[in-house]
Structures are given as structure tokens and as C-alpha cells.
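Here is how names work: the chains are called A, B, and so on, in the same order as the sequence lines, proteins then strands, and each is numbered from 1.
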Amino acid sequence: MSGRILVVDDEVEIRRALRTGLTHHRFDVEAVATGEEALSSAAAWKPDVVLLDLGLPGIDGFTVLTRLREKSRAAVIVLSVMADERDKVRALDLGADDYLVKPFGLEELLARIRAVVRRQAAVAGGAAVVRAGDLEIDLERRQVMVAGREVHLTPTEYELLRYLALHAGKLVTHTILLREVWGAYAVGEAQNTRYVVAQLRRKLGDDPARPKYIATEPGVGYRLRVDSNEIQTPT
Amino acid sequence: MRAARTVLPYFYAIGGVTLITAGIGLVQSRTAVPNLSMVYLLLVLWLGARHGRLPAAVAGVGAFVAYDYFFVPPVGTFVVNAPHELLGLILLLATALVTGQLASSLRRESEHAAVLAGEATELYELATTALRQPEAGAAIALVSRRARALPGVARFSLIAVEDGKAIVAGGEELGPELLRRAEWSFEHQTPVGAKLGLGGLDLVRVAGPNPEPLIIPLAGGVAVMVLDSATADDHQRRLLAALLSLGSLLLDRRAAAYQAQRASTLEASDSLKAAVLSSLSHELKSPIAALRAGLTSLLGPGAGLDREHQELASGLDREAARLDRLVGELLTMSRLEAGQALELGPRSFPELGGAAIERLQPRLDRRQLTVSLPADLPQVLIDELQIDRVLTNLLENALDFTPDGGRIELGARAEGDRLLAWVDNEGPMIPAADLGSIFDKFWSGRSGGTGLGLAICKRIIEGHGGTIEVRNRRSGPRFQFTLPLAPVGATT
């Protein structure tokens with residue numbers, strides 16, 4: 001795999017380690033220490049993936065993330081020593097593609113990078129049918145099948161599943177689901193999403209204790225478990 | 001003047017009877033009109049309504065005597081010959097007395113109603129003014145002043161009780177001895193000398209020449225007063241009781257304001273602690289992050305390390321990861337001990353179990369995992385992130401003690417108003433002596449353990465009002481804990 005990776009971290013040892021490690025895996029790597037440099041580099045160099053530390057001097061990571069999202073199509077993986085779920089939710093709500101808590105091993109980071117790059121390709125290709133095991137979501141026909149048998153969903157259930165399928169493999173927060181499924185004026189209540197997901201799981205025959213399709217990230221949101229090899233692009 | 005006012009009605013009564021008697025005589029001398037005696041009743045009615053029962057009764061008796069003497073034959077004597085004349089006379093007397101009685105009680109009631117209306121208006125005005133005060137303190141002072149102004153009230157103070165200490169919130173200052181007595185009265189909710197009844201303030205103790213202070217506990221404080229009971233009548237006691245209710249309301253408001261202020265101070269100190277912990281977390285974790293990123297970079301194919309050095313780097317990375325876990329648990333414990341607030345909500349326990357299992361999946365793959373979490377378990381009322389930590393710690397603990405291929409079970413069932421959950425492993429039995437101390441901080445049964453994982457579990461579970469324990473089964477240890485169920489009717 002190759003591609004351009006921009007590392008944004010104020011710790012020189014982290015920059016050095018990631019530059020070395022990722023270069024060995026044949027990525028082009030540029031490493032900067034501040035948010036200002038990150039924004040100018042993102043504009044000029046056009047990286048595929050940005051690894052963004054939240055605790056930056058000067059303009060902070062969240063601001064950098066917001067500005068990046070305005071003008072860059074790069075996938076953003078937020079790296080943070082803060083394991084606080086509120087930071088995680090906030091970064092994801094601002095458009096981060098993934099969130100990795102420091103410290104981490106290089107293998108884990110590589111797996112995350114590969115996943116976001118694959119997802120980007122799939123979203124850009126506009127997958128028409130998303131599969132997770134024997135769950136099949138046909139986005140064109142608005143049809144949901146489990147093991148070849150059609151499952152009837154309410155419009156809300158379908159919209160929620162559709163949004164998860166469009167971002168298959170990505171962790172989607174309660175806030176984003178509320179906004180996307182219930183609309184901008186939804187009276188925000190994460191209980192709504194919990195309730196609809198519980199209904200969806202029941203209809204899809206998904207055991208919440210051993211979910212095959214919809215995985216839960218406590219305090220954050222949900223992820224449609226999907227093997228990216230099974231995302232089909234229309235031919 | 002006063003004497004004239006009390007004698008005057010009787011003068012009216014006698015004068016009135018005389019006038020009416022003369023009038024009747026005048027009419028009777030010209031033509032016969034039956035039942036002229038009824039005219040007396042008008043006088044009785046007027047006297048009763050205007051001057052009360054006694055002048056009316058005097059007029060009634062006067063009418064009886066005058067009518068008998070002047071008009072009932074034989075005229076000029078008090079003798080009555082015909083029985084029907086006697087009956088008429090008695091009826092006149094009875095009607096006069098009853099009429100007077102009725103009129104005077106009507107008068108009393110209307111007077112009473114006027115007094116009550118006056119009280120109500122006054123209280124309404126006072127309450128409105130008091131409640132409009134932006135500060136409870138000013139309102140309390142206002143009510144105290146009004147109570148002190150009542151006749152018969154020699155002293156009056158409203159006392160607030162903050163953290164068990166009595167403070168004068170309005171009215172006269174009190175000595176330390178009286179303040180202590182006020183604290184006692186508030187703490188035991190026991191009045192001294194008087195109590196608030198339905199109709200007003202009931203005096204328990206009869207006031208002597210040197211009346212003792214009365215102490216009355218209210219919802220948000222205490223009222224202390226000295227009454228001169230000789231002058232405190234019903235009306236004043238009623239007013240006093242109403243003022244006390246108002247004072248109680250205001251003391252309550254003052255207490256609420258005090259609590260809110262205290263809470264915001266505590267919150268400030270909590271957020272300071274959180275800031276220190278978060279900065280500490282950053283300082284401790286950043287070097288470990290650099291270590292792990294660097295060491296794992298050395299393990300890559302392009303780094304060019306030989307096998308021996310790769311093993312060295314990977315061993316060092318494992319140590320760095322262990323250090324990370326220790327720092328993480330120390331920070332978690334510090335946060336819990338700093339009194340991290342619970343974010344409670346109704347949650348699905350199987351869903352949390354599923355998330356913890358998924359996180360540990362690579363390691364669990366090498367064990368036989370049994371999950372018995374029925375999807376229809378009732379919801380629990382928990383902080384999901386904290387309980388997620390408990391499940392992760394208990395499963396990690398089970399993994400550490402279970403050899404490859406060994407069995408681990410995660411299960412739960414509802415028991416009464418609790419959820420009972422367990423994590424079983426097939427590791428070695430826990431010595432009986434350790435069963436009690438295994439949840440203590442820094443107790444560790446294995447090398448490489450931090451000794452904090454189980455202590456964190458205990459603190460979190462107890463923070464949720466549950467219990468956690470370990471016991472040995474024939475096949476291995478079982479860790480079990482309880483959690484409160486969410487109230488029925490809460491949504492998913």
C-alpha cells in the first residue's frame with residue numbers, strides 16, 4: 001500500500017518514530033509540529049491521510065480538524081493521549097474518520113490507516129450493495145436481506161441502517177445518527193438511537209451480546225461490521 | 001366615652017320600647033289593628049344587628065312587659081286572663097329573643113370576616129413584597145420586622161441552620177446559648193414552649209412575669225420569639241403563625257441558595273482536580289507513546305533488525321505497554337477517588353458485554369467463551385463507560401488466569417430489583433485468606449499485574465450501589481457483582 005500521510009504531532013520523538021515506521025511500509029510521510037503548518041501542508045501537499053494529535057500548541061487539534069474538513073478530502077485519524085469518550089465523540093462529530101488512543105503500536109496504526117483508505121475508496125465508488133456477513137443492504141432498491149430473506153424495516157430503522165452502511169466499518173456517533181436520521185431539528189436524545197438500534201438488531205436477528213452486524217462502542221455510537229472486501233462497487 | 005358607648009344601646013332599647021309602646025297606644029285608640037306587637041321585633045332586629053345580643057334581649061323583655069301592661073286585658077296590670085293572650089305574649093318574647101340572637105351572631109360573623117379579610121390582605125401584601133426581594137436575606141428581615149411589630153411580641157428572630165450551625169438570618173441577635181438551643185430544636189425538629197397548630201400558634205407553656213423564649217423549628221431554620229401572652233390574642237397568634245410559614249418558606253429559599261453556592265464551589269474544585277489529572281495523564285502518557293511508536297517501528301520489515309534485536313525491541317514494547325496500563329489504571333483510580341460523577345442512564349447489559357468481548361476478541365479467540373446474556377434482560381441504570389471498564393477488567397483478569405483452550409463465561413440474570421452478573425474462569429482457586437483482600441488496592445495475584453484492576457471494579461460497582469465478590473467454584477473462581485435495574489417504563 002502506498003499513499004501520502006501527514007503526521008501532525010508536537011512531540012519530536014513521535015514524529016520521528018512514525019516517519020520511520022510508516023516510510024518502511026512504503027508511505028510518503030511528511031511530519032509537522034503545529035496546526036498552522038498542518039493546514040498549509042494539507043493545502044499544498046494534498047495528503048491522503050492526516051494523523052492529527054489533539055494536544056497541539058497554538059491552534060488546537062479540534063480547530064485544525066474543523067478547518068481541514070472544510071477544504072481537504074484527506075481521511076483524518078485523530079491520535080490522542082486522552083482516552084476520554086467526550087473527546088472521541090467530539091472529534092468524530094467534527095468529521096474525524098477514526099480515533100486512536102495513544103500509546104499504540106505501529107501495527108494497530110497501520111490497520112487503522114488501511115481501513116480508512118479502503119473506506120474512502122468504497123464511499124468514492126458509491127457502493128450499491130453493502131454486505132456484512134449474511135446481511136445485505138441494497139441501497140438502490142432500499143432492500144434489506146438476511147440470509148436471502150427480506151427483512152421489513154420502518155423508515156427510521158432503514159435510514160439508520162442505511163447511514164451505517166454508507167459508512168460501513170466507521171464508528172458513527174449518536175449525535176451524527178440523530179442529525180442524519182431525525183434531521184437537524186431533532187430533539188437530541190441518544191435514547192432514540194439506542195431504541196432504534198435495539199429494534200433493528202431484533203429484526204435482523206442480531207444478538208447484542210455477540211453482534212454480527214451492528215457493533216456498539218459504549219458512550220460513543222455504533223459501527224456496521226463489514227469486511228471491506230464485501231463492499232461492491234457498481235460496474 | 002367608653003362607658004357611654006356600652007350604656008347607649010340599653011338606652012336605645014328602653015327608649016325604643018317606650019316610643020313603640022306609645023305609638024301602638026296611639027294607633028289602638030283610633031282603630032283596632034291586630035298583631036301590632038310585631039313592631040317591637042323591628043327594634044329587636046336592629047339592636048341585635050347593630051349592638052349585639054344583650055341590648056336586643058333587654059328590648060325583647062321590655063316589649064314583653066310593656067305590651068302586657070298596656071295592651072293585654074286587664075290593661076294596667078301584669079295579670080293575663082285569656083290563655084290565648086298569654087300564648088301571644090310568650091311567642092312575642094321568644095321571637096324577640098331569637099331574632100336578637102340571630103341578628104347579633106350575623107353581626108359577629110361579618111365582623112370576623114372583615115378581620116380575616118384584613119389579615120389576608122396584609123399577609124398577601126407582605127408575602128408579595130418579601131418574595132419580590134431578590135435576596136432571601138432582605139425578605140427574611142422584612143418578615144421579622146413585621147412579626148416584631150405585632151402587639152404582644154417582645155422579641156422575634158428567624159434563624160437559618162447551615163451545616164448544623166445556627167445563624168441569625170433576620171430579627172434580633174441571639175446569645176450563643178440560645179443559638180445552641182435553636183440548633184438542637186432544628187436538629188430534633190422539637191419545638192420549645194409553643195407549637196404551630198392548625199388554627200395558629202399554640203402556647204404550650206403559660207407565660208409568667210419573665211416569659212421564656214419560644215423556639216419553633218421550621219423547614220429551613222428556626223424561629224425564636226418571646227411573647228407577652230396577656231396581649232397576644234387569637235388574631236395575633238394566627239398572624240404570627242402565618243408569618244412563621246412565610247419565614248419558613250424564605251429560610252428554605254436561603255438554604256437552597258446556600259446549597260447552590262456550595263455546589264458551584266465544589267464543582268470548581270472538582271474541575272481543578274480533573275484539569276490536574278488530565279495534564280498529568282498527558283505528561284505521563286506522551287513519553288510512553290513515543291516509546292511504543294518507536295519500538296514498534298523498529299519491528300517493521302524495513303528497519304533491518306536481526307531476529308535477536310527484534311525480540312529485544314518487542315520485549316521492550318511489551319514493558320512499555322505494561323507501563324501504559326499501570327499509568328492508565330492509576331489515573332482511572334485517581335479519577336474515581338476524586339469523586340467522578342456518574343452519568344447514569346438505562347442501558348442494555350448484553351450490549352455492553354458484547355462491546356467488551358469485541359474489544360478483547362483477539363485474546364478471547366484462544367479460549368472457549370460462553371456468553372449467557374439473554375437479549376431480554378431488563379435494563380440496568382448505570383454509567384455505561386464505568387461498567388464497560390468493569391467488564392473489561394474482569395474479562396482481562398479471567399484471560400490472565402485461564403490457559404489457552406480454557407473456558408471463560410460471562411453471564412447475567414435478573415434477581416429481584418437487581419441484575420446479578422458473573423465472570424467465571426478456570427484458573428487456580430483463590431486461597432480462602434485472599435478472598436476478602438483481592439479487591440484491595442495493589443493486591444496482585446500475578447507478576448505483571450497492577451493490583452488496581454479489581455480495586456477499580458469494586459469502587460465502580462459500589463459507586464452504583466451494588467456489591468462485588470469472588471468465590472471459588474469447583475471449576476475455578478467466579479467474580480460476581482450486582483447492578484441496579486432501571487425503573488420500569490424507562491425507554492431503551
Checklist entry - Most heavy-atom pairs under 4.5 angstrom with chain B, which of A:P218, A:G55, A:S80, A:G105? => result A:P218

Item to check | Considering all heavy atoms, the nearest B:T402-B:R367 contact | outcome: O-NE, 2.8 Å

Item to check | Side chain, backbone, both or neither of B:I357 within contact of chain A (heavy atoms, under 4.5 Å) | outcome: side chain

Checklist entry - Do the side chain of A:R225 and the main chain of A:P211 share a donor and acceptor less than 3.5 angstrom apart? => result yes

Checklist entry - Is any residue of residues 380-395 of chain B within less than 4.5 Å of chain A by heavy atoms, and which ones? => result B:E384, B:L385, B:D388

Next on the checklist: Is the distance between the ring centroids of B:H464 and B:F481 under 6.0 Å?
Outcome noted: no

Checklist entry - Between B:D400 and B:R325, is the closest basic N to carboxylate O distance under 4.0 Å? => result yes

Next on the checklist: Can a side-chain donor-acceptor contact be found between B:E329 and B:T332 if the only test is distance below 3.5 angstrom?
Outcome noted: no

Checklist entry - Using non-hydrogen atoms only, which part of B:D317 is less than 4.5 Å away from chain A: side chain, backbone, both, or neither? => result neither

Checklist entry - Residues of residues 283-291 of chain B under 4.5 Å from chain A (heavy atom pairs)? => result B:K285, B:S286, B:I288, B:A289, B:A290

Checklist entry - Do B:S348 and B:Q379 get their side chains close enough for a donor-acceptor pair, meaning under 3.5 Å? => result no

Checklist entry - In terms of heavy-atom proximity below 4.5 Å to chain A, should B:E358 be classed as side chain, backbone, both, or neither? => result side chain

Next on the checklist: Pairing donors with acceptors under 3.5 angstrom, does anything connect the side chains of B:D365 and B:Q361?
Outcome noted: yes

Checklist entry - What distance do A:L200 atom CG and A:E157 atom CD have between them, rounded to the nearest 0.5 Å? => result 5.0 Å

Next on the checklist: Tell me which of these, A:L110, A:I14, A:V12, has more heavy-atom pairs under 4.5 Å with chain B than the rest.
Outcome noted: A:I14

Next on the checklist: Is A:R16 in contact with chain B via its backbone, its side chain, both, or neither, using a 4.5 Å heavy-atom distance?
Outcome noted: neither

Next on the checklist: Testing the 3.5 Å rule here: is there a donor-acceptor pair between the side chains of B:E351 and A:T216?
Outcome noted: yes

Checklist entry - Salt bridge or not for A:R162 and A:E159, using N-O below 4.0 Å? => result yes

Item to check | Salt bridge B:R307-B:E311, side-chain N to carboxylate O under 4.0 Å | outcome: yes

Checklist entry - Which heavy atom in A:A165 sits nearest to a heavy atom in A:I137, and how many Å separate them? => result CB-CD1, 3.8 Å

